[in-house]
Amino acid sequence: MSAHRFGYVVLIGPPNAGKSTLLNALLGQKLAIVSPKPQTTRNQLAGILTTDDAQIVLLDTPGVHIPRGSRLNSRLVEAAWQSLAQAQAIVVVLDAAHHARKPDVLESDLKMLSRPVERSGLPVIVALNKTDAVSDKGLLLPVISRVAEQWPGAEVVPVSALKKQGLDGLIGLMTARLPEGDAMYADDELTTAPMRFLASEIIREKLFLQLSQELPYNTAVAIEHWKDTPKGARVSAVIYVAKDRHKGMVIGKGGKVLKDVGSQARQEIMELTGRPVHLELWVKVREDWTEDDHFMNELGEDLGS
Ligand code: GDP
Ligand code: MG
């Protein structure tokens, strides 16, 4: 039997490539939040994958992209750089279905990724995701050869995070890149993130699904109270918006939006904790919080990140 391995692997890729879906599929359970809108993943989220011969800490990143404008944006990019410094390998996740149809998108994605990938100096594994959406697999060949040209040492593996295809192969490739070492976490631990953090991410996901356009990017969620009682958990959370006029949008007509967000989030937090949950949501205005480093630090501390 080969030696046990332990290490960190970063998932990077353009927004919407399926990084969070892949993380969840690898762990066999929902952990990262997923939505059709790019850049749902704001905080760094680590998942722990324990197999017979390795323990892999998977770091989902908010997407390495060109910073635009706000402090929040540059903090996202900063977080992605930090996870790269910690890791022993990179998994580049690409939307191969999109690339098979649009070679110019592949070019711009490779261009965007080349700097972080090459600067990290880490071994590269490329997961060509969404292959379930490519009916003629021959269309993948040009994508594969272009990627191999970009990163000659890289392993390229077609996967479908959605249909859970190709995942064992990917796990094997990641394991082979890790140093020998003992497991650092219990084998039933799924994440380094505390439950409060996961709950706030779930609420944020539901907001993303309910709200349109730019608004969700300007909301933050903080768990104010979490009390475990014999009857279940009593949770109270605050949704921060950056502008006064956003408050009404989050609440919705007759409170409908907030009510739906609350009941969907409650259901999912219940599934995660396996116990009854009483969830209270509040909406507060924190003027221009996306420019407020002090506030974002406080949020980060509250989230245990
Ligand atoms: P991220 O921004 O890279 O984290 O991407 P997400 O994981 O949030 O996924 C973005 C969208 O792509 C969601 O609508 C997913 O359901 C979808 N998606 C992810 N993986 C696959 C896949 O393997 N096949 C298909 N068809 N869709 C996928
Ligand atoms: Mg994501």
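Atoms within each ligand, like the ligands themselves, are counted from 1 in listed order. The residues of the chain are indexed from 1 along the displayed sequence. Given the structure is predicted, the values throughout are model-derived calculations rather than measurements.
Between V159 and ligand 1, not a single N/O pair is under 3.5 Å apart. Any N or O atom pair closer than 3.5 Å counts here, and L162 shares at least one such pair with ligand 1. Residue A133 has no N or O atom closer than 3.5 Å to an N or O atom of ligand 1.
Within 6.0 Å of NZ on K231 lie no more than 12 heavy atoms contributed by other residues, nucleotides or ligands. Counting non-hydrogen atoms of neighbouring residues, nucleotides and ligands closer than 6.0 angstrom, the CG atom of D104 exceeds 12 such neighbours.
Using modelled atom types, one finds no donor on one side chain facing an acceptor on the other under 3.5 Å when comparing H4 with D182.
Classification of D228 and R234 as a salt-bridged pair fails, no side-chain N sitting under 4.0 Å from a carboxylate O. Salt-bridge check for D260 with K206: failed, with every basic side-chain N at 4.0 Å or more from each acidic carboxylate O.
When heavy-atom distances to ligand 1 are checked against a 4.0 Å cut-off, N129 comes that close only through its side chain, counted from C-beta outward.
The atoms of ligand 1 that sit less than 4.0 Å from any heavy atom of S160 are 23 (O). Every atom of ligand 1 is numbered from 1 in the order shown, and the set under 4.0 Å from a heavy atom of T21 is 6 (P), 7 (O), 9 (O), 15 (C), 19 (C), 20 (N). Below 4.0 Å from some heavy atom of D132 lie the following atoms of ligand 1, by number and element: 22 (C), 23 (O), 24 (N), 25 (C), 26 (N). Ligand-side atoms of ligand 1 in range of G18: 1 (P), 3 (O), 5 (O), 6 (P), 7 (O), 9 (O), 19 (C), range being under 4.0 angstrom from any heavy atom. Counting the atoms of ligand 1 from 1 in the order shown, those under 4.0 Å from a heavy atom of K19 are 1 (P), 2 (O), 3 (O), 4 (O), 5 (O), 7 (O).
Within the structure, ligand 1 lacks G13 among the residues with a heavy atom less than 4.0 angstrom away.
The closest donor-acceptor contact from the side chain of D292 to the backbone of F295 lies under 3.5 Å.
The distance from the CH2 atom of W289 to the NZ atom of K243 is 12.0 Å, given to the nearest 0.5 Å.
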